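Read the structure below first, then the notes.
These figures come from a predicted structure and were not determined experimentally. Read the numbers this way: they start at 1 and go in the same order the structure lists the ligands and their atoms.
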Amino acid sequence: MLFVQITDLHVRESGNPLAGRVDTAGFLDRMVTRLNALNPRPGAVLITGDLIDNGSEAEYRLLRQRLAALDMPVYLALGNHDGREAFRASFTDLDYWDAGTAFVQYAVDLDGVRLLVLDTHEPGKPSGVLCLERLNWLSDRLAEDRSTPTVVAMHHPPVPVGMPNMDPSRLLAGAERFKELIAGAPNVERILAGHLHRSVTARFAGTVLDVMPGVAHQIHLDLMGERPLSFAFEPPMLQLHAMVPGAGLVSHKVYAEPSDGPYPFRGG
Ligand SMILES: [Fe+2]
């Protein structure tokens with residue numbers, strides 16, 4: 001198994017549940033236990049932003065403690081709830097950042113698949129931004145390798161998905177250029193995103209946009225925009241990605257919480 005994606009942890013300090021109801025750190029602890037028990041063990045865990053809820057160093061300290069229990073390398077991206085300066089101050093020991101940029105963007109090789117992580121965080125904005133520097137970094141990385149299967153990871157989806165309460169906070173600035181760059185790189189197998197706290201798939205620029213539910217709370221599915229933005233305790237998920245002979249990159253969505261079973265169809 002190549003790697004796992006999870007997203008939108010929203011870790012908060014203990015005794016301070018999100019919206020008075022969501023123990024986000026508790027959800028993360030259960031997810032870490034689940035990931036450590038996967039067989040085969042994933043080579044890495046990718047987390048596509050909203051790592052913490054209020055962008056503070058105290059929350060990042062808590063996040064570090066929780067992630068230390070993971071048995072595999074973790075690759076982190078920033079979301080709108082993150083804080084770039086607090087993040088960089090809290091994770092100075094991570095060695096995969098691209099030192100050539102002030103943004104948290106980097107390329108890593110995951111056993112034959114290239115992972116490009118983008119930083120769409122813009123301080124004070126719920127929506128995402130890819131400025132010229134970030135787009136040029138992506139353009140350079142894509143130009144370096146036009147053949148290796150490549151996954152682009154980012155927090156904000158780059159297109160509207162029919163959720164009137166969430167679409168205004170998608171990737172806005174830089175979205176058109178981003179689409180052009182992806183359309184020019186046929187070896188991009190996936191765009192992996194979060195932010196929506198729902199499972200959403202769409203065709204995008206000749207590849208597949210795949211948005212994952214969060215590790216804790218989910219956003220209530222309101223395709224009519226009839227309610228104020230609301231959340232629900234729909235089941236959290238993880239996503240396994242693996243190269244399968246004859247198919248290429250294949251992705252399996254898996255519920256995070258334990259379920260009854262398995263039972264054999266015959267002889268049980
Ligand atoms: Fe989020």
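- Counting heavy atoms from C-beta on, the side chains of Ile191 and Asp210 never come closer than 4.5 Å.
- Aromatic ring centroids of Trp97 and Phe87 lie under 6.0 Å apart.
- Residues Leu223 and Gly162 share a closest heavy-atom pair of CD2-O, 3.3 Å.
- Residues His217 and His10 place their aromatic rings such that the two centres sit under 6.0 Å apart.
- Shown here are the protein N/O/S atoms lying under 2.8 Å from the Fe ion (ligand 1), water excluded: Asp8 OD2, His10 NE2, Asp50 OD2, His197 NE2.
- The number of heavy-atom neighbours closer than 6.0 Å to OH of Tyr96, taken from other residues, nucleotides and ligands shown, is above 12.
- No more than 12 heavy-atom neighbours from other residues, nucleotides or ligands sit within 6.0 angstrom of NZ on Lys125.
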